Amino acid sequence: MASLLRIGLPGVQLPATIGLAGAAWRVAGPRHNCIMGEDDHYRTQRINKRNALVELGIDPYGGRFADVTAAAEIRARAELLNIASGERSELTGRVAGRIMLLRMMGKLAFMTIRDGTGILQLGFNKADLADQWPMLKKLDLGDIIGADGVVGRTKMGELTLWAGKVTLLAKSLLPPPEKWHGLTDVDLRYRRRYVDLFTNPEVREVFKKRSAIIQAVRQCLLDEEYTEVETPALQPVYGGAAARPFTTHHNTLDIDLFLRISPELYLKRLLVGGIERVFEISRNFRNEGISTKHNPEFTMVELYEAYADYEVMMERVEQMVSGAFNASAKQGVAERVTAIEREVARLEKEKDEAEAKAYMEENHLEAYRQAQAGITAGRMTTVFNGEVLDFTPPWPRRKYADLLKEYAGVSIADPGATREKARELQIDHAGKDDAVVINEVFEATVEPNLIQPTFVYDYPAAICPLARRHPEDPSIALRFEAFVAGMELGNAYTELNDPEIQEANFRQKVAGEGDETMAVMDEDYITALEYGMPPAGGLGVGIDRMVMVLTDSPSIRDVILFPLQRPAAPT
RNA sequence: GGGGGUGUAGCUCAGUGGUAGAGCAACGGCCUUUUAAGCCGUGGGUCCUGGGUUCGAGUCCCAGCACCCUCACCA
């Protein structure tokens with residue numbers, strides 16, 4: 001991943017400044033409780049420079065800086081002017097951004113700054129800058145500056161804003177990471193995501209895509225006349241999933257509350273209330289393990305549609321993922337191919353064939369080329385963990401029992417054989433219900449093989465207390481899960497709206513589920529069903545995982561800005 | 001919780017029981033066309049923590065901590 005991070009623009013950077021509000025900077029002293037050794041000479045030197053700037057009458061933290069032109073806009077406008085190398089144009093502009101690279105050369109200086117749209121080279125010469133030249137020498141990598149100047153090209157042809165005036169907008173007190181490798185320490189990247197973001201362009205791209213994906217999902221549902229709602233995250237009774245909740249306490253009411261593990265039971269209350277198509281993009285909290293696929297808080301879109309069933313929900317999954325694909329991966333694949341090819345070419349030129357080849361393989365160039373070819377042919381192909389995935393609807397629909405037979409070699413109707421298989425797989429099945437054992441065998445044998453997007457439908461009923469039973473086989477529930485890359489992406493039911501069966505299911509203790517059981521009685525939910533809930537299809541899709549597969553991010557922590565971490569040890 | 005790996009300068013990383021290293025960054029000097037990257041010089045360390053073995057430990061042993069990967073549980 002480290003080398004991947006360096007695709008694209010060179011990085012550089014510097015952590016944000018903390019706790020320097022008001023006049024505090026005038027007397028800044030050592031900061032305590034810092035994670036790393038930051039009370040060192042790097043910081044001291046920068047504080048000294050900042051103080052020197054104050055002496056020059058400069059506010060080191062700037063202020064409003066109006067009428068800024070984006071770097072990308074400067075680039076686009078310059079493109080139309082056909083400026084020759086070594087020439088300056090008539091085009092003037094004002095830009096602002098963080099100093100990423102800095103090359104001081106006697107009476108001439110170049111900087112590369114970055115704003116939200118990209119990078120731009122600034123050129124300074126002592127004659128043009130006049131009395132601002134001493135100030136320039138007090139600037140460091142990581143500082144945020146503004147510049148006014150005229151657009152031109154250097155002798156080497158690089159687009160450059162030749163600055164006549166420079167404005168300090170924020171002095172940076174901490175040194176940025178190494179400019180070539182960027183910040184690669186995984187722990188530090190998450191703890192100081194702000195540094196990761198301004199250092200590593202690919203990271204910003206992932207989160208821009210995440211935003212675009214969420215927008216696409218929302219738009220898809222709004223287009224289908226869904227209403228977006230917000231339901232409680234603080235719940236007196238938790239439910240809607242098999243998971244352990246976080247507990248908390250409200251002081252005034254003096255009651256214990258749970259952080260929601262799922263919005264399901266509230267959203268279905270809204271079906272009772274007559275909001276017939278309803279969805280929520282909600283944060284859910286599950287007090288369980290952390291892994292590459294699990295963060296204790298994660299984002300789901302859940303939706304419920306009256307008079308529909310789980311087959312309609314399959315179409316909704318395909319619609320949402322298609323929208324999300326077009327909003328993110330489609331462009332991303334082309335960009336990745338270009339970026340990898342560029343880096344391979346550089347390595348071939350500057351290093352050797354072997355290194356270039358290794359890079360090519362490490363970054364799955366062949367898979368990306370295949371995916372791009374697929375897109376050109378009108379398919380929704382992308383790459384995740386080196387595998388080409390094809391999201392083009394319709395996705396394969398496979399019956400749970402058939403897959404169990406295919407991969408585990410056992411019949412869903414033969415608990416004895418299933419237990420035998422469980423023994424073989426070294427799954428502890430003693431004292432567990434048949435359905436639980438079957439599902440554990442399914443998870444062990446089938447799920448890892450579900451690489452391409454696939455709907456698995458008709459689950460054992462005992463593990464689906466909120467789903468309607470199959471009309472012809474009460475041991476089967478009308479439920480499907482969507483899988484991709486061996487990962488569960490979504491889960492859907494034809495919803496159970498019979499209050500008596502629901503109540504019985506809540507009371508049913510399924511052996512082997514441990515603490516993570518869905519059998520938590522919710523009296524008010526039963527009451528709601530007794531008023532009458534329309535038959536409905538319901539669906540939940542993990543947004544984080546969707547972002548993972550659409551951005552080729554191998555860990556869920558790569559798509560969550562601030563994943564949960566143990567607090568840094570005091571120093 | 002089990003297994004594997006990592007932890008050395010601000011960052012990225014070398015380091016073979018015997019004086020703690022490189023590149024970038026920083027500081028000083030020179031430099032008007034650089035593209036990660038001019039030249040010369042200088043400074044910079046709780047080698048994750050605590051024990052142990054040893055004449056001597058960054059290196060070997062034990063324990064702990066943090067992070068990553070993986071398995072188990074879950075979405």
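Remember, it's a predicted structure, so these values are computed and weren't measured experimentally. Just so we're on the same page: letters track the sequence lines, and every chain starts at 1.
- Applying the salt bridge (Lys or Arg N to Asp or Glu O under 4.0 Å) rule to A/Arg193 yields the partners A/Asp196; only residues at least two apart in sequence or on another chain are considered.
- Across all strands shown, B/G45 remains unpaired; no Watson-Crick or G-U wobble contact has both distances below 3.5 Å.
- For the C1' atoms, the distance from B/A14 to B/A9 is 13 Å, rounded to whole Å.
- In this structure, CG of A/Leu188 is placed 12 Å from P of B/C67, rounded to the nearest angstrom.
- Under a cut-off of 6.0 angstrom, the local environment of CZ in A/Arg283 is sparse, with at most 12 non-hydrogen atoms contributed by other residues, nucleotides or ligands.
- Contact annotation: A/Arg43 side-chain N/O to B/G10 OP1/OP2 distance is not under 4.0 Å.
- Side chain of A/Ser555, nearest nucleotide from B/C11, B/C69, B/U35: B/C69.
- Residue side chain A/Glu158 does not reach the base of B/U33 through any donor-acceptor N/O pair under 3.5 Å, judged by distance alone.
- B/U32 atom C1' lies 14 Å from atom NZ of A/Lys137, rounded to whole Å.
- Atom CD1 of A/Ile556 and atom CG of A/Asn295 lie 6.0 Å apart (nearest 0.5 Å).
- The side chain of A/Lys49 contributes an N or O atom lying less than 4.0 Å from OP1 or OP2 of B/C27.
- Judged as a salt bridge (Lys or Arg N to Asp or Glu O under 4.0 Å), and not counting sequence neighbours, the contacts of A/Glu280 are A/Arg260.
- Nucleotides B/G58 and B/A20 have their P atoms positioned 8 Å apart, rounded to a whole Å.
- Between the CG atom of A/Leu101 and the P atom of B/U33 there is a distance of 19 Å, rounded to whole Å.
- As rounded to the nearest Å, B/G15 and B/U34 have P atoms that lie 37 Å from one another.
- A side-chain donor-acceptor contact under 3.5 Å links A/Asp143 to the backbone of A/Asp140.
- Counting any heavy atom pair closer than 4.0 Å across all strands shown, A/Glu481 reaches no nucleic acid atom.
- Separating the P atom of B/G4 from that of B/G44 is a span of 40 Å, rounded to the nearest Å.
- Computed from coordinates, the A/Glu288 CD to B/G1 P distance equals 16 Å when rounded to whole Å.
- Taking atom P in both B/G56 and B/C40, the straight-line distance is 43 Å, to the nearest Å.
- Distance A/Ile99 CD1 to B/A25 P: 14 Å, rounded to the nearest Å.
- Across all strands shown, A/Asn439 has no heavy atoms under 4.0 Å from either base or sugar-phosphate atoms.
- Closest approach to the A/Asp140 side chain among B/G10, B/U34, B/C27 is made by B/C27 (side chain taken as heavy atoms from C-beta onward).
- In terms of phosphate contacts, A/Ser291 brings no side-chain nitrogen or oxygen within less than 4.0 Å of OP1 or OP2 of B/C69.
- Distance, A/Asp185 CG to B/C24 P: 22 Å, rounded to whole Å.
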Return the polar atom pairs (N/O with N/O) between nucleotides 38-43 of chain B and the protein under 3.5 Å, or none.
unit_1: B/G43; atom_1: N2; unit_2: A/His41; atom_2: NE2; d: 3.4

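- As a whole-Å value, the separation of A/Leu564 CG from B/C68 C1' is 16 Å.
- Rounded to the nearest Å, the gap between the C1' atom of B/G51 and that of B/C11 is 32 Å.
- Side-chain contact check for A/Pro177 versus A/Val195: some heavy-atom pair is nearer than 4.5 Å.
- No donor-acceptor distance shorter than 3.5 angstrom exists from the side chain of A/Arg153 to the backbone of A/Glu87, with no hydrogens or angles considered.
- Nucleotide B/C11 forms a Watson-Crick or G-U wobble pair with B/G23, both donor-acceptor distances falling under 3.5 Å.
- Set against B/C27, B/C11, B/A66, the side chain of A/Arg191 has B/A66 as its closest nucleotide.
- B/G1 and B/C71 make up a base pair, with Watson-Crick or G-U wobble contacts both under 3.5 Å.
- Under the Watson-Crick and G-U wobble criteria, each requiring two contacts below 3.5 Å, nucleotide B/U16 is left unpaired.
- Here the side chain of A/Asp128 pairs no donor or acceptor atom with the backbone of A/Phe124 at under 3.5 angstrom.
- Formation of a donor-acceptor pair under 3.5 Å by the A/Arg189 side chain with backbone atoms of A/Asp558 is not found in this model.
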Legend entry - Pair A/Phe455-A/Glu318, side-chain contact (heavy atoms from CB on, under 4.5 Å): steps then yes or no: CA-CA 10 Å; A/Phe455 293 119; A/Glu318 288 166 349; 3.3 Å; yes
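- Residue-level contact check: A/Glu443 touches the backbone only, with heavy atoms under 4.0 Å from sugar-phosphate atoms and none from bases.
- Within 4.0 Å of A/Glu488, counting heavy atoms only, lie sugar-phosphate atoms of the nucleic acid but no base atom.
- Here, B/G7 and B/U12 have their P atoms 12 Å apart, quoted to the whole Å.
- Side chain of A/Glu178, nearest nucleotide from B/U33, B/C11, B/C27: B/C11.
- Counting any heavy atom pair closer than 4.0 Å across all strands shown, A/Asp544 reaches no nucleic acid atom.
- In this structure B/A66 sits in a base pair with B/U6, meeting the Watson-Crick or G-U test at under 3.5 Å.
- Within the 4.0 angstrom heavy-atom criterion, only backbone atoms of the sugar-phosphate kind lie near A/Thr292; the bases stay farther away.
- Applying the 4.0 Å criterion to OP1 and OP2 of B/U12, one finds that A/Thr184 has a side-chain N or O inside that range.
- Within the 4.5 Å cutoff, side-chain heavy atoms of A/Val95 are placed close to those of A/Leu122.
- The residue among A/Arg153 and A/Leu102 whose nearest nucleotide of RNA chain B is located toward the 5' end is A/Arg153.
- Protein atom CD1 of A/Ile113 is 15 Å distant from nucleotide atom C1' of B/U35, rounded to whole Å.
- Of the side-chain N and O atoms in A/Lys179, none sit less than 4.0 angstrom from OP1 or OP2 of B/C11.
- Here the separation of B/G5 from B/U46, taken at their C1' atoms, is 24 Å to the nearest Å.
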